[in-house]
Amino acid sequence: MSAGRGFLSPEVLARINSLELVARTVVEGFIAGLHRSPYLGFSTDFAEHREYMPGDDIRHLDWKLLGRTDRLYIKKYQGDTNTQIHLLVDTSASMGFASGAISKLQYAQYLASSLAYLGVRQHDAVGFTAFDEDVVEHAPPSTRTGQLRTVLGILERLEATRGTALADQLHRSAELIKRRGVVVLISDLYVDREELLRGLEHLRFAGNEVIVFHVMDRQELDFEFDEPVVLEDSESDEQVHVLPDVVRADYIRAVRSHIDAIAEGARRSRIDYELLRTSQPLDAALFSYLSRRSSFG
């Protein structure tokens, strides 16, 4: 559990064999946690409500919710809440890296399954695409019965094996998405950042709300190796002999520069960006998603 928060760590989730159970555990715990949080903009009924805006018909105010929260919410009905959620997961070889209990791809699987579960819970049409150099798995957005099982089944069999063409896949997704919705990208973002930002802007230009979850391992961020190591590029097999004490400062500076540039570019394009460590509980990601989803719907 994360200290004092009550959220399950990814290492604990790794002991659960079923992604469906992982998703249910994470999401139901997250929703229960909202009751105890200061974020009164959300409730257990969040799928059927949105905050009151000037000009809304007051006949649709939820007076009971007003009494509980002292906030104004408009009732929304199932037909109004349906949004297309497009989950995009990077399965390139670098996503297979793990210095601890779980890899970046495993973390992406837990996060994507939780978001799919949350989307279905909100009556959204959930779709899923996994890609490396090309699309490796795809399920079009749907609200049909069994869609969650379909998405989770795909997630269960993902492997990180090949190179990446992340920017190309973002442009492809922007062309294929016919109805605007919420697009969630889960990746370690090992790609030229200018190409990445152009791909994200293409998705945003099409009218989508875009959320980027940048998943990284602790060692990628902190470079805590204390002995000489041989680092191998998982996508090209190129090897480099490294003296950590010599390169650590420059390495961390370069990584930080890459992260800061992506975050700033995303901010300029009104794209949500969240850096996540694979040791980090999923609540921050779910709250970021829910904030963006609520503003869209």
Side-chain angles (χ1 to χ4, degrees), residues 1-3 5 7-16 22 26 88-114 130-133 155 158-167 184-193 196 211-266 273-286 288:
M1 309 287 271
S2 60
R5 298 280 302 279
F7 292 104
L8 290 172
S9 71
E11 288 81 0
V12 173
L13 296 177
R15 301 172 194 165
I16 303 175
V22 166
V26 170
L88 310 180
V89 174
D90 180 0
T91 63
S92 58
S94 63
M95 290 289 287
F97 178 72
S99 68
I102 67 167
S103 69
K104 290 181 286 185
L105 180 58
Q106 286 175 288
Y107 191 92
Q109 288 170 308
Y110 301 154
L111 176 54
S113 63
S114 299
F131 54 82
D132 45 35
E133 298 170 350
L155 278 163
L158 294 182
E159 296 181 352
T161 57
R162 301 195 301 176
T164 185
L166 175 56
V184 180
L185 172 65
I186 306 173
S187 170
D188 56 12
L189 305 183
Y190 280 128
V191 65
D192 180 88
R193 56 179 175 255
L196 168 68
I211 309 171
V212 178
F213 291 120
H214 188 178
V215 178
M216 296 194 75
D217 185 273
R218 172 180 60 85
Q219 286 286 27
E220 293 176 309
L221 291 167
D222 301 332
F223 208 75
E224 294 177 336
F225 301 105
D226 53 12
E227 296 180 356
V229 292
V230 177
L231 302 180
E232 180 177 299
D233 187 318
S234 56
E235 297 178 13
S236 69
D237 295 331
E238 181 182 354
Q239 293 184 340
V240 178
H241 294 261
V242 173
L243 297 174
D245 290 342
V246 174
V247 304
R248 182 178 291 110
D250 287 341
Y251 170 86
I252 292 176
R253 190 179 302 112
V255 168
R256 192 71 254 174
S257 175
H258 181 68
I259 292 170
D260 290 345
I262 292 173
E264 174 59 21
Y273 169 86
E274 193 89 41
L275 175 63
L276 301 172
R277 292 173 177 254
T278 55
S279 57
Q280 182 178 346
L282 302 177
D283 58 297
L286 293 183
S288 180

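Each residue takes its place number in the sequence, starting with 1.
- Remark: the backbone N or O of Ser103 is paired with a side-chain donor or acceptor of Gln106 at under 3.5 angstrom.
- Using modelled atom types, one side-chain atom of Ser114 and one backbone atom of Tyr110 make a donor-acceptor pair closer than 3.5 Å.
- Here the CG atom belonging to Asp90 is positioned 10.5 Å from the CG atom belonging to Leu158, to the nearest 0.5 angstrom.
- Note that the CD1 atom of Ile252 and the CZ atom of Phe223 stand 8.5 Å from one another [nearest 0.5 Å].
- Side-chain contact between Ile262 and Ile259 is absent, with no heavy-atom pair separated by less than 4.5 Å.
- Judged as a salt bridge (Lys or Arg N to Asp or Glu O under 4.0 Å), and not counting sequence neighbours, the contacts of Asp245 are Arg248.
- Looking only at distances, a side-chain donor or acceptor of Tyr251 sits under 3.5 Å from a matching main-chain atom of Glu220.
- The structure places OG of Ser288 at 11.5 Å from OH of Tyr273, a figure rounded to the nearest 0.5 Å.
- One finds the CD1 atom of Ile186 at 12.0 Å from the CD atom of Glu274 (value rounded to the nearest 0.5 Å).
- With contacts defined as side-chain heavy-atom distances shorter than 4.5 Å, the pair Pro228/His241 does not qualify.
- In this structure, the side chains of Leu185 and Leu166 come closer than 4.5 Å at one or more pairs of heavy atoms.
- At least one donor-acceptor pair under 3.5 Å links the side chain of Asp217 to the backbone N or O of Ser99.
- Of the residues listed (Val191, Thr161, Leu105, Asp132), the one engaging Ser92 in a side chain to side chain contact (heavy atoms under 4.5 Å, CB included) is Asp132, and it is the only one.
- Interatomic distance, Ser94 OG to Arg162 CZ, rounded to the nearest 0.5 Å: 13.5 Å.
- Relative ring orientation between His214 and His258 is described as perpendicular, the plane-to-plane angle rising above 60° on a 0-90° scale split at 30° and 60°.
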Candidate pair Val184 and Leu111, rule side chain to side chain contact (heavy atoms under 4.5 Å, CB included), full reasoning = CA-CA 11 Å; Val184 180; Leu111 176 54; over 6 Å; no

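- No more than 12 heavy atoms of other residues, nucleotides or ligands sit less than 6.0 Å from atom CD of Glu159.
- Here the side chains of Leu221 and Val255 are in contact, with some heavy-atom distance below 4.5 Å.
- Within the 3.5 Å criterion, the main-chain N or O of Gln109 finds a donor-acceptor partner in the side chain of Ser113.
- With sequence neighbours left out, Tyr190 forms a ring-ring contact (aromatic ring centres under 6.0 Å, His included) with no residue at all.
- Remark: side-chain polar atoms of Thr91 are paired, donor with acceptor, to backbone N or O of Phe131 under 3.5 angstrom.
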task = Evaluate the side chain to side chain contact (heavy atoms under 4.5 Å, CB included) criterion for residues Leu196 and Val212: first the C-alpha distance (whole Å), next the side-chain angles of each, then the deciding distance (0.1 Å), finally the verdict.
result = CA-CA 11 Å; Leu196 168 68; Val212 178; over 6 Å; no

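- For Gln219 (side chain) and Glu224 (main-chain N/O), a donor-acceptor pair under 3.5 Å exists by modelled atom type.
- Side chains of Thr278 and Pro10 form no contact here, defined as non-hydrogen atoms less than 4.5 Å apart.
- Annotation: the span from Asp188 atom CG to Phe97 atom CZ amounts to 10.5 Å, rounded to 0.5 Å.
- Counting non-hydrogen atoms of neighbouring residues, nucleotides and ligands closer than 6.0 angstrom, the CD atom of Gln239 exceeds 12 such neighbours.
- Contact of the Leu13 side chain with the Ile102 side chain is not registered, since no non-hydrogen atoms from C-beta on lie closer than 4.5 Å.
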